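Note sheet for the following structure.
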Amino acid sequence: MTVPPIEAAQFGAGAAPARVPKQTMDGEMFLHLLVTQLANQDPSSPMDTNDMISQTTQLASMERLNQLSATQDVSLAIQQRLAVSALIGQQITTGGDDPVTGVVTAVSFAGVNPVVTVGDKQIPYGQIITVGMPDDPPAVEAPIQDPEPETTEPDPTVV
């Protein structure tokens, strides 16, 4: 009787994806390094407490800087949306070999970068080189002046 060999694939070991190493330094990696350093230190000369406090302070600083960076990214995106939205009704000119000049009629935020619509052309926000008032501004009606209000003098007989 012949017994077939046992293969690793029978136990699911062959189906596991290969571990992909992290490409960025984050708080989790920093803590892992600190714990590994503490576990492998020489018991006769342990790590200086000042060094440990310094490293944990560096971890806290790194985490705060990451949070600040994320907040700045959100703020930049909001400012960019406001700036692009303000272009509606403005005349723009694009750069490049085939410059386009016209009045922005719409803005799209569907992609990664905003896109403005001039006529039937979609133009990425980054290609705009000038912004100005339209050549033919819309007619503005003069405000209607209110007639002077009637002034009534108080009746001197009424007390």
Side-chain angles (χ1 to χ4, degrees), residues 8-9 11-41 46-152:
F11 296 102
R19 183 179 166 273
V20 178
K22 284 188 174 184
Q23 298 297 321
T24 60
M25 296 289 284
D26 61 357
E28 181 181 338
M29 180 178 275
F30 188 86
L31 282 175
H32 180 69
L33 288 172
L34 181 62
V35 168
T36 302
Q37 181 180 6
L38 289 172
N40 294 319
Q41 70 180 343
M47 176 186 241
D48 184 25
T49 54
N50 290 334
D51 289 341
M52 187 182 322
I53 292 172
S54 172
Q55 288 182 1
T56 54
T57 303
Q58 288 173 355
L59 170 64
S61 296
M62 183 183 72
E63 289 294 324
R64 294 298 294 171
L65 286 173
N66 286 341
Q67 290 173 353
L68 181 62
S69 175
T71 303
Q72 284 181 327
D73 289 344
V74 169
S75 176
L76 175 64
I78 291 170
Q79 288 175 352
Q80 187 179 39
R81 284 177 177 255
L82 287 172
V84 174
S85 297
L87 292 177
I88 295 176
Q90 300 293 317
Q91 181 170 317
I92 64 159
T93 303
T94 64
D97 296 334
D98 187 24
V100 175
T101 299
V103 177
V104 176
T105 57
V107 177
S108 171
F109 299 103
V112 175
N113 294 318
V115 176
V116 298
T117 302
V118 174
D120 60 347
K121 295 184 180 177
Q122 302 289 315
I123 301 166
Y125 176 63
Q127 291 183 4
I128 299 171
I129 59 172
T130 63
V131 177
M133 295 300 293
D135 289 337
D136 296 324
V140 177
E141 294 182 22
I144 299 173
Q145 295 181 352
D146 291 332
E148 289 186 27
E150 293 181 23
T151 57
T152 57

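Note that the coordinates shown come from a computational prediction; the quantities given were computed from them, not determined experimentally.
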Just to verify, what does D51 make a side chain to side chain contact (heavy atoms under 4.5 Å, CB included) with, not counting sequence neighbours? M47, D48
Those residues at least two apart in sequence (or on a different chain) that pass side chain to side chain contact (heavy atoms under 4.5 Å, CB included) with T101 are Q91, T93
Contacts of T56 that satisfy side-chain hydrogen bond (donor to acceptor under 3.5 Å, both in side chains) - sequence neighbours left out: none
Residues passing the side chain to side chain contact (heavy atoms under 4.5 Å, CB included) test with I88, sequence neighbours excluded, are V104, V107
Would you name the heavy atoms of G89 and P134 that are closest together and state the gap between them? O-CG, 3.2 Å
Distance-only criterion, 3.5 Å: show the donor-acceptor pairs between side-chain atoms of residues 69-81 and protein atoms not counting sequence neighbours.
residue, atom, partner, partner atom, Å
T71, OG1, Q67, O, 2.9

State which residues pass side chain to side chain contact (heavy atoms under 4.5 Å, CB included) with T105; sequence neighbours excluded, sorted by chain then number. T117
What distance separates I128 CD1 from L87 CG, expressed to the nearest 0.5 Å? 5.0 Å
Enter the distance from S61:OG to N66:CG here, rounded to the nearest 0.5 Å. 11.0 Å
Any side-chain heavy-atom pair from T94 and V118 closer than 4.5 angstrom? no
